[in-house]
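Naming: A, B, ... by sequence-line order, numbering from 1 per chain.
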Amino acid sequence: MPELPEVETVRRDLLKVLLGQKITALKIFSASIVKTAPATFSKKLKGATITALKRRGKLLIIELDRPNLFLLVHLKMTGQLIYLSPAALITGGHTFSEAERKREFPNRHTRVSFTFADGSHLFFNDLRKFAYLKLVDKEALDKIIASNYGPEPLDKNFSHDLFAASLKKSSRSIKAVLLDQKVIAGLGNIYVDEALFAAGILPDRVSKSLKPAEVSKLFKVIPEILKKSLKYRGTTFRNYLDGRGRSGNFSKQLQVYGRDGEKCYHCQETLKKIRLAGRGTHYCPKCQK
DNA sequence: GTGTTTGTTATCAA
DNA sequence: CTTGATAACAAACA
């Protein structure tokens with residue numbers, strides 16, 4: 001599941017190869033995932049050059065040399081953005097050999113492909129067709145960000161007091177609150193479970209019942225976990241691949257997510273899994289209070 | 001055929 | 001207004 005560390009890893013990968021790339025052709029294999037009329041989508045993007053690549057929460061924002069035009073990419077659960085350059089194929093510098101590439105891209109999960117002026121390609125793959133591409137103007141972009149995204153946990157302005165105030169306000173479970181993108185942007189099911197374990201807090205605790213020390217601990221461990229995952233290039237649990245088609249390595253560092261029935265690394269207690277806030281929720285009954 | 005996986009939004013009920 | 005529960009979306013896998 002692409003959450004903040006995975007989306008940021010993709011962004012950083014693509015940043016190295018996409019800036020200055022001019023789109024010469026694009027192919028829409030699955031119209032339903034493009035949330036802009038196909039004709040408009042193609043017309044506006046052909047000939048456009050990528051000037052910047054940004055991220056807000058789990059949303060990727062591709063900026064173009066077009067006044068007032070932004071390409072939004074949301075990977076949802078199984079989306080992938082994979083860049084393949086012909087030069088790297090010749091030098092063997094990439095994960096995929098030419099033979100592999102021809103067989104695999106585009107494949108049956110490729111929903112849109114972009115061709116650039118230098119002959120390289122960007123493939124937008126998505127198994128489940130939840131992910132989307134969308135063209136918006138500045139006004140629409142600002143509105144989307146303002147109404148859906150709260151503070152960025154890796155931003156230096158990430159505020160303890162604002163975070164604490166949000167937690168104090170809510171009588172939902174702490175799990176549900178941390179999943180709320182308006183409270184904190186970028187966490188998903190994996191990192192919420194990991195953060196609550198690291199902070200020693202049971203996921204079904206009522207948010208406003210957390211003691212100040214617990215809130216502070218949570219505030220401290222969230223950026224730590226995200227940064228560590230970034231260092232490992234994210235978590236591949238099922239489908240996630242980075243900007244060059246490689247898996248993330250944080251999976252082996254997970255303390256609780258997906259480990260139900262196994263022993264806690266910390267206290268050897270058997271880890272449990274429940275359903276909370278509509279999600280599979282993993283925790284240690286002994287380490288978390 | 002059934003249950004499970006989750007990011008996000010919509011809808012309904014209390 | 002708040003919250004939770006549930007479904008919907010969508011496809012694969014055990």
Determine the minimum heavy-atom distance between [X] and [Y], stating which atoms define it.
| X | Y | value |
| --- | --- | --- |
| A:Ala131 | A:Gly79 | CB-CA, 4.2 Å |
| A:Val177 | A:Arg172 | CG2-CB, 4.0 Å |
| A:Lys217 | A:Ala198 | CE-O, 3.4 Å |

Check your understanding: Side-chain N or O of A:Asn148 less than 4.0 angstrom from OP1 or OP2 on B:dG7?
Key -> no
**Study point:** Phosphate-side-chain proximity, A:Lys58 and B:dT8, N/O vs OP1/OP2 below 4.0 Å
**Key:**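 For B:dT8, OP1/OP2 do have a side-chain N/O of A:Lys58 under 4.0 Å.
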Study note, to complete from the structure: Within residues 126-135 of chain A, those residues having any heavy atom closer than 4.0 Å to DNA chain C are A:Leu127, A:Arg128, A:Lys129, A:Phe130
Review point. Where along residues 172-192 of chain A does a heavy atom fall under 4.0 Å from DNA chain C?
Key: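 Those residues whose heavy atoms fall under 4.0 Å from DNA chain C, taken from residues 172-192 of chain A in numerical order, are A:Arg172, A:Ser173.
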Review point. Rounded to the nearest 0.5 Å, how far does CZ of A:Arg205 lie from OG of A:Ser173?
Key: 11.5 Å
Practice item. Enter the distance from A:His160:NE2 to A:Ser216:OG here, rounded to the nearest 0.5 Å. Key: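 Taking NE2 in A:His160 and OG in A:Ser216, the distance rounds to 3.0 Å.
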**Study point:** Where chain A begins and ends its contact with DNA chain C, read 5' to 3' at 4.0 Å from heavy atoms
**Key:**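 Using the under 4.0 Å cut-off, the span is C:dT3 to C:dA12.
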Exercise for review: Nearest-nucleotide wise, let me know which of A:Tyr149 and A:Lys273 is further upstream toward the 5' end of DNA chain B.
Suggested key: A:Lys273
Revision key, fill the gap. Dot-bracket for DNA chain B, 5' to 3', Watson-Crick and G-U pairs with both distances under 3.5 Å, [ ] for crossing pairs, | for partner on another strand, reads .||||.||||||||
Review point. Counting heavy atoms not belonging to A:Glu139, are there more than 12 under 6.0 Å from its CD?
Key: no
Spacing of [X] atom [atom1] relative to [N] atom [atom2], expressed in whole Å:
| X | N | atom1 | atom2 | value |
| --- | --- | --- | --- | --- |
| A:Leu4 | B:dT8 | CG | P | 11 Å |
| A:Leu59 | B:dT8 | CG | P | 9 Å |
| A:Leu72 | B:dT8 | CG | C1' | 15 Å |

Residues [X], [Y]: salt bridge by 4.0 Å N-O rule:
| X | Y | result |
| --- | --- | --- |
| A:Lys58 | A:Glu3 | no |
| A:Arg279 | A:Asp193 | no |
| A:Glu8 | A:Arg11 | yes |
| A:Arg244 | A:Asp13 | no |

Would you list the protein and nucleotides 12-14 of chain B atom pairs, both N or O, that sit under 3.5 Å from each other?
none

Practice item. For A:Thr78, report the nucleic acid contact type (base, sugar-phosphate, nothing); a contact means any heavy atom under 4.0 Å. Key: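 Answer is nothing: A:Thr78 stays at 4.0 Å or more from every strand.
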Review point. What nucleic acid atoms does A:Arg108 come within less than 4.0 Å of, heavy atoms only: base, sugar-phosphate, or nothing?
Key: sugar-phosphate
Check your understanding: Is a donor on one side and an acceptor on the other found under 3.5 Å between the side chain of A:Gln288 and the backbone of A:Lys286?
Key ->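 Judged by distance alone, no pair lies under 3.5 Å.
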Exercise for review: Determine, using the 4.5 Å side-chain heavy-atom cutoff (strictly less than), whether A:Val183 and A:Leu187 are members of one ILVMFWY cluster.
Suggested key: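 Yes; tracing contacts between hydrophobic side chains, which count when under 4.5 Å, links both residues.
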Exercise for review: Only one of A:Val73, A:Leu60, A:Leu81 passes side chain to side chain contact (heavy atoms under 4.5 Å, CB included) with A:Val7; say which it is.
Suggested key: A:Leu60
Check your understanding: Hey, which of A:Arg233, A:Glu6, A:Lys228 is the one that makes side chain to side chain contact (heavy atoms under 4.5 Å, CB included) with A:Phe250?
Key ->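 One option only clears the test, and that one is A:Lys228.
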Point to revise | Integer angstrom distance from the P of C:dA12 to that of B:dT8 | key: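 That atom pair is separated by 22 Å.
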**Study point:** Pairs where residues 149-165 of chain A contributes a residue and the test salt bridge (Lys or Arg N to Asp or Glu O under 4.0 Å) is met, not counting sequence neighbours
**Key:** A:Arg55-A:Glu152, A:Arg56-A:Glu152
Check your understanding: Pick the nucleotide of DNA chain C nearest each of A:Gly278 and A:Lys169; which residue has the one closer to the 5' end?
Key -> A:Lys169
Practice item. Compute the ring centroids of A:Phe219 and A:Phe158, then answer whether they are less than 6.0 Å apart. Key: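 That pair passes the under 6.0 Å test.
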